[in-house]
Structures are given as C-alpha cells and as structure tokens.
Number of protein chains: 2
Amino acid sequence: MDETSRRILRLLQKEPELTVAEIGQRVGLSHTPCWRRIKEMEKLGIIRDRVIRIDPKMVGYDVSVFCFVRLKQHDEETLLEFERAVRAMPEVVQCYSMTGEHDYVLRVLTSSVRQYEEILKKALLKLPGVGFVNSSFALDELKNTLEVPV
Amino acid sequence: MDETSRRILRLLQKEPELTVAEIGQRVGLSHTPCWRRIKEMEKLGIIRDRVIRIDPKMVGYDVSVFCFVRLKQHDEETLLEFERAVRAMPEVVQCYSMTGEHDYVLRVLTSSVRQYEEILKKALLKLPGVGFVNSSFALDELKNTLEVPV
DNA sequence: GGTGAAAAGTCGCCCAT
DNA sequence: ATGGGCGACTTTTCACC
C-alpha cells in the first residue's frame, strides 16, 4: 500500500465510473499495473466489493429510525440470538453493539412513522432478549457515505 | 416499476457482479429490455449509482463512534453552518438530524479511542453552534448494508 | 413492450522488459 | 514491479417485430 495505491483508492471512491485505464492514466500507470493493484487490494480485502446504491426514498422508505436497544440479559446465547435475528430483518440496515447506556443501536428503514410502530411492536420488541427500546426519528440525512479517508 | 423491475433491483443488490444478460435471463427477459429497465431506473434516480466499498479496518479505521450532538442555538444560520462543516469532515461518514433529546447523530471513523479524543476536541466540539456532545463507541458492527427491501 | 445481431469499449491475461 | 497487445466478454446501440 504505497501512495499510488492510495491514489487509486481515492479515485475509485470519488469516481467509481472510471475505467481501469483512466485511473491508471491519472496515477501515471498503464492499465495493466493499475489493474493488478486493484486486484491485489481486492484479494487483501481492502476493497470489499462493488455495490449499487438504491435511493430508499424512491422505493417508499421515507423514514430512517435510530433505535436504541437494551437487553434484559447479557449471556452469550441471548446476544447471539439477538444478533442473528437482527441480521435477518431486512428493514434493519445497520446495527452496532455499543458502549454506554445502550447495548445496541439500529438504523431501521420504514415507509412512515405508522409503519415503524408496526415494526417496533411486531418485530423489534419481540427480538430475543430485548428489554428496553428507545427510538429517535431521523428528520434529515445530511451525510451518508461509504467513502473512507485514505 | 412493476414486479419485473423490482426483481431486477433485488438481483442487482444481492449479486452486483451479475451481467445484464444474466439478470435478464433470471427475470425472463433478454438483455436489451433488461438493460433498458436498468437505465430507466438510473434516470429516475431509483438506482443512485455504483460504489466500491472499502473495509475501514483494512486502512486503519478500527473504531466507529456514534456522536450525539446538541446545538446551543437553533437558528437557520447555525444549522446550515453546522451541516456544511459536518459534510466537510471526511471522518464523519454519517450524519442525521433527529427528533428526541439530541439534534444530530454522527458516525465518526477513527483509528483509536485516542485519536477520537483529538477529533472531538479539535473538530467536533468546535463545529459551529455545538453545545453538547455525547459519544458512544461501537464495539462491533453487526450489520451495515445498503440493501433496501424492494 | 419485446427480439437478435452487431458495434464500441473494457477487462483479464499473456508475454517481454 | 511496469508496459504493450490481444482475445473474450459486456455493455450499448440499432433495426425490426
């Protein structure tokens, strides 16, 4: 990982449409070595993958909810069950275990506040081991990027 | 947006490596109409773009911090300044304005707890209008997907 | 809205340096 | 390690149903 590879990463993040040859050109490499560096970074796991981004609002998900969860018990089994259940819920797009007053923070996509009620009552509060849930609605998404400073 | 287009979206999300021809095959279309549908969804903004995902841990960002911010004042100008400043900080990968006890929640990437201190003192606490900051560290990222249920 | 062929362009991989 | 060249494959366009 030298400066050239970092420049390639920056370009790939900023302008994902660039072709390998174009990236090579901008970093002063012909397409073969540039391609090899990209493949190497993929193999190492630095580059995880390429994904498409869908605009949630365009398909009916107008609301993002942050949902702070405390568990009743903290034994290994409860944790694993909870985590498995969360991963299986497609509306939950992010989930982190946390320090501080809450055990987990989730971000949940819903079409409306009303539908969030549903998800909360029917799914979130019924997740394995859940003791306490505190929800905050996102009024606006100011920033949501995958770009990592390199 | 009929069921066929939704199936295309699902495939694009689950298996981004698929070629247009393969996707067409799976949804019962030849490659041209499939391609036209994808382009249409891009033009409509349903498909925002294609991005590469870098593994933050692989480039030295081992810690995600959730940072809850309350502003001192809530006039238009303070808000806009704060939001502009947040967007300019590359370590801040997500920022939402919120209902509830905090005005904003940010997710911040750092290399260590120590470096977070730095960012907190030198940047976050100095953002325009910031009154109060409460930070929680992410112990583990259980889920972080861009997949939207369609 | 659908098909199929053909063009343009990119990638992936050989080899030489 | 880099650069050049070439075949294979994908995307994109086009003519037509």
Side-chain angles (χ1 to χ4, degrees), chain A residues 1-61 90 93 111 144-150, chain B residues 1-61 111 144-150:
Chain A
M1 273 298 282
D2 57 1
E3 178 57 21
T4 302
S5 287
R6 269 192 294 275
R7 284 181 66 195
I8 292 173
L9 274 186
R10 283 197 286 272
L11 284 168
L12 279 171
Q13 292 193 104
K14 281 277 176 216
E15 297 168 70
E17 337 273 75
L18 291 177
T19 67
V20 177
E22 281 169 329
I23 295 169
Q25 214 169 1
R26 300 215 196 168
V27 302
L29 245 45
S30 75
H31 80 275
T32 309
C34 184
W35 176 81
R36 272 201 286 258
R37 279 167 186 265
I38 293 171
K39 285 297 141 187
E40 183 65 15
M41 291 192 281
E42 285 173 1
K43 210 182 63 189
L44 293 173
I46 297 169
I47 297 174
R48 289 177 56 187
D49 53 10
R50 226 168 230 280
V51 294
I52 69 155
R53 284 201 295 185
I54 289 181
D55 186 343
K57 290 203 201 299
M58 293 296 291
V59 291
Y61 295 97
V93 292
S111 58
N144 186 15
T145 182
L146 293 183
E147 274 183 63
V148 174
V150 282
Chain B
M1 272 297 284
D2 58 2
E3 178 57 20
T4 302
S5 288
R6 269 191 294 275
R7 285 180 66 196
I8 292 173
L9 274 186
R10 283 197 287 272
L11 285 168
L12 279 172
Q13 291 194 105
K14 281 277 177 215
E15 298 168 70
E17 337 274 72
L18 291 176
T19 66
V20 178
E22 281 169 328
I23 294 169
Q25 212 168 2
R26 301 214 196 169
V27 302
L29 246 47
S30 73
H31 74 276
T32 309
C34 183
W35 179 83
R36 277 201 284 252
R37 278 167 186 265
I38 293 171
K39 287 295 141 187
E40 183 65 15
M41 291 192 281
E42 286 174 1
K43 210 182 62 191
L44 292 172
I46 296 169
I47 297 174
R48 288 177 57 187
D49 54 11
R50 241 167 219 281
V51 293
I52 70 154
R53 287 200 294 183
I54 289 182
D55 186 344
K57 289 203 201 303
M58 293 296 290
V59 290
Y61 295 96
S111 57
N144 185 15
T145 182
L146 293 182
E147 273 183 62
V148 174
V150 281

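Each chain gets a letter, A, B and so on, in the order its sequence line appears, and its residues count up from 1.
The CD1 atom of A:Ile38 sits 11 Å away from the C1' atom of C:dC11 (whole-angstrom rounding). Per the geometry, CG belonging to A:Asp2 stands 9 Å off P belonging to D:dA1, to the nearest Å. Rounded to whole Å, the distance from CD on A:Glu22 to P on C:dG9 is 12 Å. Spacing between atom CE of B:Met1 and atom P of C:dG1 amounts to 14 Å, rounded to whole angstrom units. A straight line from CH2 of B:Trp35 to C1' of C:dG9 spans 14 Å, rounded to a whole angstrom. When rounded to the nearest whole Å, the span between CD of A:Glu3 and C1' of D:dA1 equals 18 Å. Across the protein-nucleic acid pair, A:Arg37 atom CZ and D:dA1 atom P stand 8 Å apart, rounded to whole Å. When the P atom of C:dG12 is taken as reference, atom CD of A:Glu42 falls 8 Å away, rounded to whole Å.
Between A:Val51 and B:Val51 there is a side-chain heavy-atom pair separated by less than 4.5 Å. Looking at B:Leu9 and B:Met1, their side chains come closer than 4.5 Å, going by heavy atoms from C-beta outward.
A donor-acceptor contact under 3.5 Å is not formed by the side chain of B:Ser30 with the base of C:dG2. Not a single donor-acceptor contact under 3.5 angstrom links the side-chain atoms of A:Arg36 to the base of C:dG12. Checked by distance alone, B:His31 brings a side-chain donor or acceptor within 3.5 Å of a matching partner on the base of D:dT12. Looking at A:Thr32, its side chain comes within 3.5 Å of the base of D:dG4 through a donor and an acceptor atom.
A:Glu40 pairs with exactly one of A:Arg37, A:Arg36, A:Lys43 by the salt bridge (charged side-chain N to carboxylate O under 4.0 Å, His left out) rule, that one being A:Lys43.
No side-chain donor-acceptor contact under 3.5 Å links A:Arg26 to the backbone of A:Arg7.
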